[in-house]
Amino acid sequence: MADAPSEAFPETSQEETAKTEHQEARRKWLVRLALAVLTIGVIVALWYLLIGRNHVSTDNAYVNAEMAQVTPLISAQVTEVAVSDTQAVKRGDILVKLDPTNPRIAIAQAEADLAEARRKFRQTAATSGALSSQVDARGADIVQARASLASAQADFDKAKIDFERRKALAPAGAVSGDELTSASKAYAAAKAALDLARAGVAQAQANLQAANGELEANDALVRGSTVDTDPGVLAAKARLDNARLDLDRTVIRAPIDGVVTRRQVQVGQRVAQGSPIMTIIPLSQVYIDANFKERQLRRVKVGMPATVTADIYGGDVVYHGKVAGFSGGTGSSLALIPAQNATGNWIKVVQRLPVRIALDPKELAEHPLRVGLSTEVEIDLSGD
């Protein structure tokens, strides 16, 4: 029993040794952890100083394009649809054909109107010649009327002298009453003939003025014009050109190269002028709209290089592009119902500004993108 306490000391010594070794191992792992954290911190700091601070990135970026909306320019019934959704088309390819009956009728009517306008011009020009002859005739009438006036004036003067002479001799009985009466009648008749001749001259002069007026009015319709430059003919030509244009518009062609999307037209459907029937997306001209936070754009400038990866291809395909421009407003300010901050419960929210990234056409040809696909964009600021 006296030896029992002495046997406990070795066990206590072993426990203390194990505890010390455990503390030493723990201290070593803590030191290693501290060194690892310090190393990671140094690496992160070096990465930020050398690379990170010269790059800004966002995954809030999507593919977009200047899409062409196809709309008919006339109202008509669809007779043929030559394309379908997802079909690639070239500029000038036929998309839709409309019924050409009404435009063809309009062309026939316009051609008839043009022929009528040309005939009217020629008729008006010919009328000017006839009116000019009438003016000459009215001038001759004046000459004739003046000659008649001169003759009537001479007859009146003779009749007046005869009447006055007989009237003076009548009191002496040298002239009979019948002779005086005859002289009086001849004088009255000569006076009436003189008045009639004067009226004839006035009438002839009035007829000449009227003929001149008609000639001037008719000349105003053709003066300075030809059968091809007459306003009436030009108006008829314009109607004919418009009718022919409507006939051309019965064939709707692709305005750009691209892929047909959202086709909304069927054979037999009557389409209205200006109503959208399909959309064409130019896949070779797509771009990226990257929505960067406003604080990320402090050093970003137009022309800076950018790299883009699309979720559809993953990180193995990298597109190279440049900053093409900045939107005129943030997404919230240009929303249908913009946010109003004039309230007492206002909370500041970091805004995002759309930045357009233009891509390399060769890379797009190798790996086409579709509108609306998600992408990640990184802009290199080292050239700042």
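Under the 4.5 Å side-chain heavy-atom criterion for grouping Ile, Leu, Val, Met, Phe, Trp and Tyr, V286 is not connected to V318 through any hydrophobic cluster. No chain of hydrophobic side-chain contacts below 4.5 Å, direct or via other Ile, Leu, Val, Met, Phe, Trp or Tyr residues, connects M278 to V371. Linking Ile, Leu, Val, Met, Phe, Trp and Tyr whenever their side-chain heavy atoms come within less than 4.5 Å puts L95 and V267 in one cluster. With hydrophobic clusters built from ILVMFWY side chains whose heavy atoms lie under 4.5 angstrom apart, F326 shares a cluster with I288. In this structure, V260 is a member of the same hydrophobic cluster as I256, with clusters built from ILVMFWY side-chain heavy atoms closer than 4.5 Å.
The CG atom of L73 sits 4.5 Å away from atom CZ of R249, with the distance rounded to the nearest 0.5 Å. To the nearest 0.5 angstrom, I312 atom CD1 is 5.0 Å from L373 atom CG. Atoms CG and NZ, from D113 and K120 in turn, are 9.0 Å apart once rounded to the nearest 0.5 Å. Distance check, rounded to the nearest 0.5 Å: CZ of R352 to NZ of K293 gives 5.5 Å. To the nearest 0.5 Å, atoms CD (Q266) and CD1 (I277) are separated by 11.0 Å. Rounding to the nearest 0.5 angstrom, the gap separating the OG1 atom in T375 from the OH atom in Y313 is 13.0 Å.
Using modelled atom types, one finds no donor on one side chain facing an acceptor on the other under 3.5 Å when comparing R299 with Q296.
Using modelled atom types, one side-chain atom of D257 and one backbone atom of R91 make a donor-acceptor pair closer than 3.5 Å. A donor-acceptor contact shorter than 3.5 Å links the side chain of S75 to the backbone of Q273. At distances below 3.5 Å, at least one donor-acceptor pair connects side-chain atoms of Q77 with backbone N or O atoms of G268. Remark: side-chain polar atoms of Y287 are not paired, donor with acceptor, to backbone N or O of A324 under 3.5 angstrom. E80 contributes no side-chain N or O that, together with a main-chain N or O of L98, makes up a donor-acceptor pair within less than 3.5 Å. In terms of modelled atom types and a separation under 3.5 Å, the side chain of S275 and the main chain of V271 share no donor-acceptor contact. At least one donor-acceptor pair closer than 3.5 Å links the side chain of R263 to the backbone N or O of V83. Judged by distance alone, the side chain of T250 and the main-chain N or O of K97 form no donor-acceptor pair under 3.5 Å. No donor-acceptor pair closer than 3.5 Å links the side chain of Q285 to the backbone N or O of P282. Without hydrogens or angle criteria, E294 side chain to Q351 main chain gives a donor-acceptor distance under 3.5 Å.
Inter-residue side-chain proximity for K237 and R118 is flagged as met; some heavy-atom pair is nearer than 4.5 Å. In this structure, E111 and R244 have side chains that are in contact, with non-hydrogen atoms separated by less than 4.5 Å. Taking the side chain as every heavy atom from C-beta outward, K28 and V31 never approach each other to under 4.5 Å. Side-chain atoms of R253 and I94, non-hydrogen and from C-beta on, do get closer than 4.5 Å to each other. Annotation: side chain of M67 is not in contact with side chain of I280 (no heavy-atom distance under 4.5 Å). Side-chain contact check for V317 versus T309: every heavy-atom pair is 4.5 Å or farther apart. Side-chain contact between L297 and L353: present, with at least one pair of heavy atoms (C-beta onward) separated by less than 4.5 Å. A heavy-atom distance below 4.5 Å is found between the side chains of P72 and I252.
Salt bridge present: D289 and R356 bring a charged side-chain N and a carboxylate O closer than 4.0 Å.
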Stepwise side-chain contact (heavy atoms from CB on, under 4.5 Å) check, L359 with V308: CA-CA 9 Å; L359 301 178; V308 179; 3.9 Å; yes
From CA spacing to verdict: side-chain contact (heavy atoms from CB on, under 4.5 Å), V70, T279: CA-CA 6 Å; V70 180; T279 301; over 6 Å; no
Working for side-chain contact (heavy atoms from CB on, under 4.5 Å), residues L245 and D241: CA-CA 6 Å; L245 183 60; D241 292 340; over 6 Å; no
Test log, rule side-chain contact (heavy atoms from CB on, under 4.5 Å), inputs S374 and D311: CA-CA 6 Å; S374 300; D311 292 357; 3.4 Å; yes
CA sep, side-chain torsions, deciding dist, call: N60, T58, side-chain hydrogen bond (donor to acceptor under 3.5 Å, both in side chains): CA-CA 5 Å; N60 189 347; T58 182; 5.4 Å; no
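Shown here for Y319 and E363, the closest heavy-atom pair between the two residues is CA-OE1, 3.1 Å. Scanning both residues, F292 and V355, for their nearest heavy atoms gives CD1-CG2, 4.0 Å. The nearest pair of heavy atoms linking L381 to M304 is CD2-SD, 3.6 Å. Of all the heavy atoms in V323 and I379, the pair that sits closest is CG2-CD1, 3.9 Å. Minimum heavy-atom separation, L240 to A110: CA-CB, 3.4 Å. Minimum heavy-atom separation, V302 to G325: CG2-CA, 4.1 Å.
The neighbour count for R295 CZ, taken as heavy atoms of other residues, nucleotides or ligands under 6.0 Å away, does not exceed 12. Counting non-hydrogen atoms of neighbouring residues, nucleotides and ligands closer than 6.0 angstrom, the CG atom of D316 reaches no more than 12 such neighbours.
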